[in-house]
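Predicted, not measured: the structure shown is a model, and the values here were computed from it. Proteins come first, then strands; the chains are lettered A, B, ... in the order of their sequence lines, and each starts at number 1.
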There are 2 protein chains.
Amino acid sequence: MRPPTAQEAVLAELRRLLVTGELAPGTPVRQEAVAERLGVSRVPVREALKVLEGEGHVVYLPHRGYVVAELSVADLTEVYRLRELLEAEAVRVAVPRLDDDTVAAIELAAREVDAAGRRGDLAGMTAHNREFHFLLFDAAGLPRLSRTLRQLWDATDVYRAVYFAGPGNRARVEHDHADLVAALRARDARRAVAVQKSHRDSSVVAVTRAIEGRVSPAGSAAAGGGRRAR
Amino acid sequence: MRPPTAQEAVLAELRRLLVTGELAPGTPVRQEAVAERLGVSRVPVREALKVLEGEGHVVYLPHRGYVVAELSVADLTEVYRLRELLEAEAVRVAVPRLDDDTVAAIELAAREVDAAGRRGDLAGMTAHNREFHFLLFDAAGLPRLSRTLRQLWDATDVYRAVYFAGPGNRARVEHDHADLVAALRARDARRAVAVQKSHRDSSVVAVTRAIEGRVSPAGSAAAGGGRRAR
DNA sequence: GGTCTGGATATTGGATCCAATCCTCTGCTA
DNA sequence: TAGCAGAGGATTGGATCCAATATCCAGACC
């Protein structure tokens, strides 16, 4: 299972560092340090960073390098608004197309989220949670929509573990997932969209708190738009 | 106005080649050739290509290199559906926030589209057309939404010039733009959304035809898997 | 005392070189 | 003749080296 190129290995490792928070928002990424840590030269590191820049995980400043992106509360609000629009579309399209196998797979993913939760495995929870939701989104058969949604999910991944950490939230997740599965079994798109929305709304509150608690007083610093600097 | 780094210069040039169709969909991108043409080494070329890969303009196959992405009709339909959802949101948010200066700038852009059209300058038309629309989208103050929309527009840029080439379409564009400006002046978001939608719908037809006319008979083929046939 | 200038150092950007992989074409074999 | 194996060339992937730029700090000047 090893990647065919070093850039992909570097990319995978950098993603892991970002999700676990070992590379915290706002810190600069030293190419030499990353390269040495992974036992490669700086070239594949640079290419991996270009990918992450495109995904908005790091911001690039010419001749100054890459910095781990920070998510402002405004940014977060925007991400969730876009998710609302796009996930609703995905669910509306996906539900009528669902076959029983897919529903079963979704249900299995839900059980794995619960199992991971019971043994306190946060990484496992986020991974299976993502699987749970994207099995549904992907069922819409709209690859570009899936890809855009993945970008939006990625953007807040750093903070997602915080949500799962709260035991109250864990119960809530379990409950919401069960509701969603029931709606899918009934092929009830409208209800699925509604469940999905309330599920999302409950997490935005928790993640907002996480950001406000973590971000340094100085930094409302931008993750979003601009490539151009001057 | 020269870029601070070679990668950005390469990126700009590659974008130009993609938009003008000099790099046609389906053709492989030879790093060495690009590098030589621009008088740089392959390193900045590779980094620029990684950016374009992230934007979906080229697809990357490990150890085989980059190929200019082809857009299937299904892809196109999806792009326009996503644009419908997201542009409606952008317009709804932007219109109440518009100030007179922005409206004036939008109107100016519209006039520049017309002017470019009259002198048969296709590149100028697409550039100013983009400016026209994104002045409005950006006015929503939602950077991530703008960015996502830019990605969607980029995906079909290759085919956009075809639309402007038709003289009938040019009149249509002129008319639609005028309608939109009127709606913006009146700060009528609902009407702006409607104009925008019908404007978009008329272009999807033309671009679909352009794709069907251009893509090789064999291929509905997509960006992903195409193997060489000969 | 504060601000500006100049140089030392760290870091990134790019070029060149070598290695690994893939593609093609030739020649052999059944 | 069709199919396969292997050699050779083409192309990409990665490492190393050098150049360009930014940052930081000391010292001069107002």
Side-chain angles (χ1 to χ4, degrees), chain A residues 1-15 17 23-24 26-54 57-69 216 218-219 221 226-230, chain B residues 1-15 17-18 23-24 26-54 57-69 218 221 223-230:
Chain A
M1 277 291 268
R2 71 157 213 291
T5 63
Q7 17 175 319
E8 299 203 25
V10 173
L11 188 55
E13 175 65 5
L14 283 177
R15 280 192 213 281
L17 293 175
L23 274 175
T27 61
V29 181
R30 295 288 154 235
Q31 300 174 4
E32 183 65 46
V34 174
E36 192 174 2
R37 169 166 185 160
L38 304 190
V40 296
S41 86
R42 276 172 46 222
V43 176
V45 173
R46 275 154 67 174
E47 274 170 314
L49 284 169
K50 267 281 172 289
V51 173
L52 293 173
E53 186 206 354
H57 286 107
V58 298
V59 294
Y60 170 67
L61 300 141
H63 296 289
R64 275 188 271 173
Y66 297 85
V67 180
V68 181
S216 67
R227 177 183 306 276
R228 250 156 251 305
R230 169 225 271 262
Chain B
M1 274 297 267
R2 70 156 218 290
T5 63
Q7 14 175 320
E8 298 207 22
V10 173
L11 188 54
E13 176 64 4
L14 283 177
R15 280 192 212 282
L17 293 175
L18 288 167
L23 273 174
T27 60
V29 181
R30 296 286 156 238
Q31 301 174 3
E32 183 66 46
V34 175
E36 192 173 0
R37 171 167 183 159
L38 303 191
V40 298
S41 84
R42 277 172 46 223
V43 177
V45 174
R46 277 155 65 174
E47 274 170 313
L49 284 169
K50 267 281 172 290
V51 173
L52 293 173
E53 186 205 355
H57 286 105
V58 299
V59 295
Y60 170 67
L61 300 142
H63 296 289
R64 276 188 270 174
Y66 297 85
V67 179
V68 181
R227 193 147 292 265
R228 193 170 290 289
R230 163 215 279 273

Sorted by chain and residue number, the side-chain contact (heavy atoms from CB on, under 4.5 Å) partners of B/Glu13 (sequence neighbours excluded) come out as B/Arg16, B/Leu17, B/Arg37, B/Leu38

Nearest-Å distance, CZ (B/Arg46) to P (D/dA15)?
-> 10 Å

Can you check the B/Leu49 CG to C/dG14 C1' distance for me, whole Å?
-> 16 Å

Which part of the nucleic acid does B/Tyr60 contact within heavy-atom distance under 4.0 Å: base, sugar-phosphate only, or nothing?
-> sugar-phosphate

Close N or O pairs between protein and nucleotides 9-11 of chain C (under 3.5 Å):
residue	atom	partner	partner atom	Å
C/dT11	O3'	A/Arg30	NH1	3.2

Distance in angstrom units between B/Glu53 CD and D/dT12 C1', rounded | 14 Å

Decide side-chain contact (heavy atoms from CB on, under 4.5 Å) for A/Val58 and A/Leu23; before the verdict, give the C-alpha distance in whole Å, the side-chain angles of both, and the deciding distance to 0.1 Å.
-> CA-CA 10 Å; A/Val58 298; A/Leu23 274 175; over 6 Å; no

Calculate the interatomic distance between B/Leu61 atom CG and C/dT21 atom C1'; express it in whole Å.
-> 13 Å

Between CD of B/Glu47 and CD of A/Glu53, what distance do you get to the nearest 0.5 Å?
-> 9.5 Å

Which residues satisfy the salt bridge (charged side-chain N to carboxylate O under 4.0 Å, His left out) test with B/Arg42, sequence neighbours excluded?
-> none

Quick one: are A/Leu14 and A/Leu49 in side-chain contact, heavy atoms under 4.5 Å?
-> yes

How far apart are the closest heavy atoms of B/Val43 and A/Arg46, and which atoms are they?
-> CG1-NH2, 3.5 Å

Taking only residues two or more places apart in sequence, or in another chain, which ones meet B/Ala9 in a side-chain contact (heavy atoms from CB on, under 4.5 Å)?
-> B/Pro3

For side-chain contact (heavy atoms from CB on, under 4.5 Å), just list the numbers for A/Thr5 and B/Tyr60, CA-CA rounded to whole Å, side-chain angles, deciding distance to a tenth of an Å, and then say yes or no.
-> CA-CA 12 Å; A/Thr5 63; B/Tyr60 170 67; 4.0 Å; yes

Would you tabulate the pairs of protein nitrogen or oxygen atoms and nucleotide nitrogen or oxygen atoms of nucleotides 6-9 of chain D closer than 3.5 angstrom?
none

note: A/Glu47, atom CD; C/dG13, atom P; distance rounded to Å ~ 13 Å

Can you name the closest pair of heavy atoms from A/His63 and B/Pro4 and give their distance?
-> NE2-O, 3.4 Å

By side-chain contact (heavy atoms from CB on, under 4.5 Å) - contacts of A/Val51 (at least two apart) = A/Leu11, A/Arg15, A/Glu55, B/Lys50

Looking at residues 33-42 of chain A, who's got a heavy atom less than 4.0 Å off DNA chain D?
-> A/Val40, A/Ser41

Dump the intermediate steps for side-chain contact (heavy atoms from CB on, under 4.5 Å) on B/Leu61 and B/Val67, then the final yes or no.
-> CA-CA 8 Å; B/Leu61 300 142; B/Val67 179; 4.2 Å; yes

To the nearest Å, give me how far apart CG (B/Leu11) and P (C/dG14) are.
-> 12 Å

